[in-house]
Amino acid sequence: QVQLIESGGGLVQTGGSLRLSCAASGRTFGGFTMAWFRQAPGKEREFVATIFWTTSSRNYADSVRGRFTISRDSAKNTVDLQMNNLKPEDTAVYYCAADGRFSTWSARMRTHEYAYWGQGTQVTVSS
């Protein structure tokens, strides 16, 4: 059973940085697509970034490209999201997601393309 546990959220001022981490367990993740999504109050869950475990191919939402970096550590089985130059509109609950149904890379950005989800971690950016 795949388990995803997020950590690293918190309160930060505009322009600050945070690093989120997703600890993945339950199997090996070669061939898996991993992703970060976020959901602000009253809004739908939206795509942030995705990475293919095997090749580290990546893709980002336009709103975070150039500020956020997704990476994975095979030794630790973690997927990190480095967030720089944070803005108040980045405030949301951030979720780690994973899926192994597709064995090749494609920039999957929709929630239904991910079978496994973590519980989320709150990120609040104050102005």
Side-chain angles (χ1 to χ4, degrees):
Q1 181 71 12
V2 173
Q3 188 174 19
L4 306 172
I5 300 177
E6 303 96 335
S7 62
L11 174 64
V12 64
Q13 291 185 334
T14 297
S17 297
L18 279 176
R19 188 177 184 89
L20 305 183
S21 187
C22 172
S25 61
R27 58 157 295 146
T28 56
F29 290 91
F32 263 59
T33 302
M34 313 295 289
W36 286 94
F37 285 75
R38 66 187 182 186
Q39 188 167 18
K43 295 188 177 181
E44 293 187 352
R45 193 169 298 189
E46 67 173 5
F47 168 77
V48 174
T50 182
I51 187 167
F52 190 52
W53 194 277
T54 305
T55 63
S56 291
S57 300
R58 313 158 203 225
N59 192 44
Y60 298 92
D62 289 342
S63 60
V64 307
R65 186 173 286 113
R67 300 188 298 123
F68 291 11
T69 301
I70 188 171
S71 62
R72 65 104 176 91
D73 186 323
S74 294
K76 298 180 180 179
N77 260 16
T78 57
V79 178
D80 289 353
L81 185 69
Q82 177 66 44
M83 306 185 295
N84 298 327
N85 191 22
L86 283 160
K87 306 175 181 180
E89 52 263 43
D90 295 318
T91 295
V93 177
Y94 283 70
Y95 296 92
C96 179
D99 199 279
R101 290 172 290 178
F102 312 99
S103 60
T104 58
W105 163 248
S106 179
R108 298 179 179 88
M109 298 180 285
R110 294 173 291 183
T111 56
H112 74 266
E113 294 177 302
Y114 293 88
Y116 304 102
W117 292 86
Q119 293 300 306
T121 185
Q122 176 70 46
V123 171
T124 303
V125 184
S126 63
S127 57

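If you read the sequence from its start, that first residue is 1, and numbering goes on from there. Worth saying up front: this structure is predicted, and the values here are computed from it rather than measured.
- Between F68 and Y94, the two ring planes are tilted [angle within 30° to 60°].
- Side-chain contact check for V64 versus M83: every heavy-atom pair is 4.5 Å or farther apart.
- A side-chain donor-acceptor contact under 3.5 Å links E6 to the backbone of C96.
- Without hydrogens or angle criteria, T54 side chain to G31 main chain gives a donor-acceptor distance under 3.5 Å.
- Side chain of T14 to main chain of K87: no donor-acceptor pair is present (N/O by atom type, distance under 3.5 Å, no hydrogens or angles).
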Q: Could you give me the CA-CA distance, side-chain angles and deciding distance for T91 and Q122, then say whether side chain to side chain contact (heavy atoms under 4.5 Å, CB included) is met?
A: CA-CA 8 Å; T91 295; Q122 176 70 46; 4.0 Å; yes
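- Among all heavy-atom pairs drawn from F102 and R108, the shortest one is CB-NH2, 2.9 Å.
- Side-chain atoms of T28 do not come within 3.5 Å of backbone N or O of G30 as any donor-acceptor pair.
- Side chains of N84 and Q82: a donor-acceptor N/O pair is present below 3.5 angstrom, by distance only.
- A donor and an acceptor atom, one from each side chain of Y95 and T111, are nowhere located under 3.5 Å apart.
- The backbone N or O of R38 lies less than 3.5 Å from no partner atom in the side chain of E46, so there is not a single donor-acceptor pair.
- Here the OG1-CH2 distance, from T33 to W53, works out to 11.5 Å after rounding to the nearest 0.5 Å.
- Taking the six-membered ring where tryptophan is involved, the planes of W105 and F52 are tilted, since the angle between them lies from 30° to 60°.
- The main-chain N or O of A92 is never found under 3.5 Å from a side-chain atom of Q39 such that the two would form a donor-acceptor pair.
- In terms of modelled atom types and a separation under 3.5 Å, the side chain of S21 and the main chain of D80 share no donor-acceptor contact.
- Residues I70 and M34 are not in side-chain contact: their nearest non-hydrogen atoms beyond the backbone lie 4.5 Å or more apart.
- Counting all heavy atoms, side chain and backbone alike, L18 lies closest to L86 at N-CD1, 3.8 Å.
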